[in-house]
Amino acid sequence: MDSIAILGGMGYVGLVTAVGLADLGYKVISADISEEKVFLAKQGKFLIYEDGLEELFQKNKERIDFTTDIGLAVLDSSIIFIAVGTPPRNDGEADLGQIIEVAEIIAQKLNEYKIIVVKSTVPIGTFELVQDILKGYGKVEGKDYDLVFNPEFLREGAAVHDFLHPQRTVIGSSNQLAARRIGELFNTFQSPLIYTTIINAQMIKYGANAFLASRVSFVNELASICERVGADITVVADVMGMDERIGRGYLQAGIGFGGPCLGKDLQALVKMAELFDYDSRLLKGVLEKNIQQRKSIVRKIKRALNNTLFHKKVGVLGLAFKPDTGDVRMSPAIDIVKELINSGADVIAYDPQGNKEAGELIKELKLSEDPYEIARGADALAILTGWRDFENLDWLKIINNMSGNVLVDAVNLLSPEIINEVGFNYIGVGR
Ligand SMILES: NC(=O)C1=CN([C@@H]2O[C@H](COP(=O)(O)OP(=O)(O)OC[C@H]3O[C@@H](n4cnc5c(N)ncnc54)[C@H](O)[C@@H]3O)[C@@H](O)[C@H]2O)C=CC1
Ligand SMILES: O=C(O)[C@H]1O[C@H](OP(=O)(O)OP(=O)(O)OC[C@H]2O[C@@H](n3ccc(=O)[nH]c3=O)[C@H](O)[C@@H]2O)[C@H](O)[C@@H](O)[C@@H]1O
């Protein structure tokens, strides 16, 4: 049976892939440069929280090893998955530094034929770069190694579920045999296995994320129009989604898309298009609308407070980029909080899971572990993440703690009728 190395094995994708492949019965070596993450993992502790991950790990732990020795992981495996990060550079292009680092180590340590599977989201040109690195060490494609792209479609917060129940598995390669061997790893899943070229697989991954982002910006654009004409976007989007051709997903208007992926991949796609002489004005518009959306939330809060944020006390509920995760990376809430603070507001925030990470990002941000505490003396409250728990807060107790009555619900979580009845001045998005 194949033994599998996962490089970047302590990241969101790497760890879930490692645990998931172990659950499919494979022996896995999860290798990562982060000494801290590997040290904790050896004790069965992980820095990321994903529903079901710990249980799945406990069930399969005899099949998983953790190491910081990337070279050893390469030597000891017949299939190498690369799941390192591809963060955005300042200009929006994907930073391939981590990919280059691991490709160099693979090239140095490759001792016999292995299949190298890239799981990270990587732009066109990356596979040629990896081939060049391997060639530089005298490694010959087809003899010493073959390359496969197996893009990942999991969502944070539902990562284990998405790994175990993929809607499709995409295998891109120019080598049929290598592609089939990787496809076989996943052949217990009921979903379709798609074999295609590497370039198609790359465009499938970027296309999927760009389309999800476009839906979000599209519904936010409609919301902006609804707001002005006096319609309710929640009703409009709900009924639009009943048409099977449109579908219900990603039609929730609100604060805009955030997180480490949709925005990054959309920017990378725009840059990639530019490198191939195409100016994608449509996709640039999607990004622009997303930035506008965040600004419009700040404007709503300001307007409701007589057009000034200076010395106004604003309580913030939610910092994570979406509910069910503590991840605040590229969270719209973080940008909004920074803008409020820069405009002179006194901000205190609460997130069920993201407080610690947010505090590291915004040093001057006051945090509380108690949602009622942030309302104390507040002129306005803003809901910036759609945590379901917020729906069940005692809103009467909250308004009694406040000095004002403004509630900006940037994620359209609450029912305006119920909340207004409590005495709030409810302000949603597109309704
Ligand atoms: N987070 C997500 O939900 C999804 C991410 N992706 C893609 O998967 C890739 C990984 O994303 P995440 O898991 O979120 O990133 P991450 O930042 O959580 O994990 C990357 C891991 O790689 C490690 N690393 C960095 N340099 C290394 C090196 N030279 N050798 C070994 N390990 C190294 C880091 O310590 C870290 O643990 C990205 O390309 C991303 O776009 C794709 C689908 C979903
Ligand atoms: O490539 C990736 O990294 C992943 O990116 C997204 O997953 P994720 O970033 O975890 O989050 P989503 O659940 O897709 O949400 C993205 C953002 O859109 C926002 N959103 C989503 C849906 C919606 O209707 N409205 C809306 O504003 C969310 O609040 C969040 O900020 C994709 O959904 C995954 O398929 C993909 O694998």
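Ligands are counted one by one from 1 in listed order, and the atoms in each one are counted from 1 as well.
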Validation row: Met10, Val38 side chains within 4.5 angstrom (heavy atoms):
yes
Give, for atom NZ of Lys109 and atom OG of Ser77, the distance between the pair rounded to the nearest 0.5 Å.
12.5 Å
Return the protein residues near ligand 1 (heavy atom under 4.0 Å from any of its atoms), ordered by chain and residue number.
Gly8, Met10, Gly11, Tyr12, Val13, Asp32, Ile33, Ser34, Lys37, Ile70, Ala83, Val84, Gly85, Thr86, Gln98, Glu101, Val102, Ser120, Thr121, Glu152, Leu154, Glu156, Lys205, Cys261, Lys264, Arg329
No-hydrogen, no-angle side-chain donor-acceptor test under 3.5 Å, Asn200 and Thr197
yes
Flag the pair Glu364 / Ile362 as yes when at least one side-chain heavy-atom distance between them is below 4.5 Å, and no otherwise.
yes
Nearest 0.5 Å, please: how far is CG in Leu317 from CG in Leu414?
9.0 Å
Cation-aromatic face contact Arg63/Tyr26, 6.0 Å, 45 degrees
no
For Thr126 and Pro123, indicate whether the former's side chain and the latter's backbone hold a donor-acceptor pair under 3.5 Å.
yes
Ser30 side chain to Asp65 main-chain N or O, any donor-acceptor pair under 3.5 Å?
no
Is atom OH of Tyr195 surrounded by more than 12 heavy atoms (other residues, nucleotides or ligands) closer than 6.0 Å?
yes
Hey, what polar pairs (N/O, under 3.5 Å) does ligand 2 make with protein?
unit_1   : atom_1 : unit_2 : atom_2 : d
ligand 2 : 1 (O)  : Lys205 : NZ     : 2.7
ligand 2 : 1 (O)  : Asn209 : ND2    : 2.8
ligand 2 : 10 (O) : Glu156 : N      : 2.8
ligand 2 : 10 (O) : Lys322 : NZ     : 3.1
ligand 2 : 11 (O) : Lys322 : NZ     : 3.1
ligand 2 : 13 (O) : Tyr250 : OH     : 3.4
ligand 2 : 13 (O) : Lys322 : NZ     : 2.8
ligand 2 : 14 (O) : Tyr250 : OH     : 2.5
ligand 2 : 24 (O) : Leu251 : N      : 3.2
ligand 2 : 24 (O) : Gln252 : N      : 2.8
ligand 2 : 25 (N) : Gln252 : O      : 3.0
ligand 2 : 31 (O) : Gly258 : N      : 2.9
ligand 2 : 31 (O) : Phe321 : O      : 3.0
ligand 2 : 33 (O) : Tyr250 : OH     : 3.2
ligand 2 : 35 (O) : Phe153 : O      : 2.7
ligand 2 : 37 (O) : Phe153 : O      : 3.2
ligand 2 : 37 (O) : Leu154 : N      : 3.4
ligand 2 : 37 (O) : Leu154 : O      : 2.7
ligand 2 : 37 (O) : Lys205 : NZ     : 3.1

